[in-house]
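These notes concern the structure reproduced below.
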Amino acid sequence: MKRIPAAELSGEARDVADFLNARLDAIAAAEKEQLQFIADVSHELRTPLTVLRGSLEVVLEEERPSEEYREAIGNALLEIRHLSRLAQNLLFLTRGQSGRITLSFANVDLVKFLSDLTRELTPAAADHEISLEVFVPEEPVRAFIDADRMQQVLHNLIENAIRYTKAGGAIRVRLTETPGEARLEVSDNGIGIATRDVPLVFERFFRGDLARRAYPGGSGLGLSIARWIVEAHKGRIEVASRVGEGTTFTVKLPLVV
Ligand code: ADP
């Protein structure tokens, strides 16, 4: 994009030129970011599509026993689920970016919210031979949240914990209350995150090498969406992790006073 040669101007004309140049720079940066976004999305789409195409082509090459067809269809379904989750996450991101997501807040008891949510996810953890335990205070802890969106955050965190923890592992979901703040923690004793990757995990499309090896089907979108939702609640999300020991994500939310 062409810039106005501000150096040749002076006074008010210079100020106007500087202002316009700054706007042009901002537009060019936004355009560059958009192109990067499209490149990332194309890449994320290509991988599962290549896998789908390859495995279906191979299975159709000759007559096979029915278990082989079942296996190929099962694998195809996995890739299709991954593609639908990706489409859902992308829609959420684009709506969020253009400010079209409206949150509807209500006064919610986090004790009940977490107990219900972990009960729903226990079978998914059990399928992977991972235990899912929840620790909540006896008394209600009330916060002003959009329960559907906050559920999406916890789903993303707990699904990650399941994905990145080996069979026999444990996930702990804990709710505590500090003055003015509710803390929701999701801890696992899984593969952990490399120190250099920790500051990057909330970036859109970022995936750690360890995570790629453990689970090739991820999209690197879950945590960026989680952060977006938590920040829209005026809260914060943090991570602490050690390779080979495990990971804890903490969501801090302002309480209803
Ligand atoms: P995805 O899981 O699809 O890769 P996310 O945005 O949910 O995308 O997570 C980004 C990255 O953060 C992961 O690729 C992984 O490197 C790291 N990560 C997230 N949760 C965990 C966890 N519980 N244990 C280890 N690594 C994790």
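Since the model is a prediction, treat every value here as computed from it, not as a measurement. Quick note: residue numbers are just sequence positions, from 1. Whatever order the structure lists ligands and atoms in, that order sets their numbers, starting from 1.
Considering backbone and side-chain N/O of Gly220, one or more are found under 3.5 Å from N/O of ligand 1. Of the polar atoms of Gly222, at least one N or O is found under 3.5 Å from an N or O of ligand 1, judged by distance alone. At under 3.5 Å, not a single nitrogen or oxygen of Ala211, backbone or side chain, sits near a nitrogen or oxygen of ligand 1.
Numbered from 1 in the order shown, with element, the atoms of ligand 1 that lie under 4.0 Å from a heavy atom of Gly208 read 14 (O), 16 (O).
Between Leu110 and Ala182, the shortest heavy-atom distance links the atoms CD1-CB, 3.6 Å. The two residues Ser241 and Gly246 come nearest to each other via the heavy atoms OG-O, 3.1 Å. Minimum heavy-atom separation, Lys166 to Ile130: O-CG1, 3.7 Å. Summarising the geometry of Asn156 relative to Gly222, their closest heavy-atom pair is ND2-O, 3.1 Å, with the distance given to 0.1 Å.
Closest protein heavy atom to atom 7 (O) of ligand 1: Asn160 ND2, 2.8 Å. Protein heavy atom closest to atom 4 (O) of ligand 1, with residue, atom name and distance, is Arg207 NE, 2.5 Å. Annotation: atom 26 (N) of ligand 1 to nearest protein heavy atom, Ile193 CG1, 3.2 Å. In terms of protein heavy-atom proximity, atom 23 (N) of ligand 1 is closest to Asp188 OD2, 2.8 Å. In terms of protein heavy-atom proximity, atom 10 (C) of ligand 1 is nearest to Phe206 O, 3.4 Å. Nearest non-hydrogen protein atom to atom 21 (C) of ligand 1 is Tyr164 CD1, 3.4 Å.
The shortest heavy-atom distance from Phe249 to ligand 1 is under 4.0 Å.
None of Lys252, Glu238, Arg174 except one satisfies the side-chain contact (heavy atoms from CB on, under 4.5 Å) rule with Glu185; the exception is Arg174. When each of Val239, Leu210, Leu200 is checked for a side-chain contact (heavy atoms from CB on, under 4.5 Å) with Ile193, only Val239 meets the rule.
Residues forming a ring-ring contact (aromatic ring centres under 6.0 Å, His included) with Phe19 (at least two apart in sequence, or on another chain): none. Qualifying ring-ring contact (aromatic ring centres under 6.0 Å, His included) partners for Phe105, counting only residues two or more places apart in sequence or in other chains: His233.
Of the heavy atoms in Arg163, only side-chain atoms (C-beta onward) come closer than 4.0 Å to ligand 1. Heavy atoms of Leu223 found under 4.0 angstrom from ligand 1 belong to the backbone as well as the side chain. No part of Tyr215 comes within 4.0 Å of ligand 1, judged by heavy-atom distances.
With a 6.0 Å radius and a threshold of 12 heavy atoms from other residues, nucleotides or ligands, Glu181 has its CD atom above the threshold.
Comment: Asp209 engages Arg196 in a salt bridge, judged by a side-chain N to carboxylate O separation of less than 4.0 angstrom.
Heavy-atom proximity to atom 12 (O) of ligand 1, evaluated over Val243, Val201, Leu221, is greatest for Val201.
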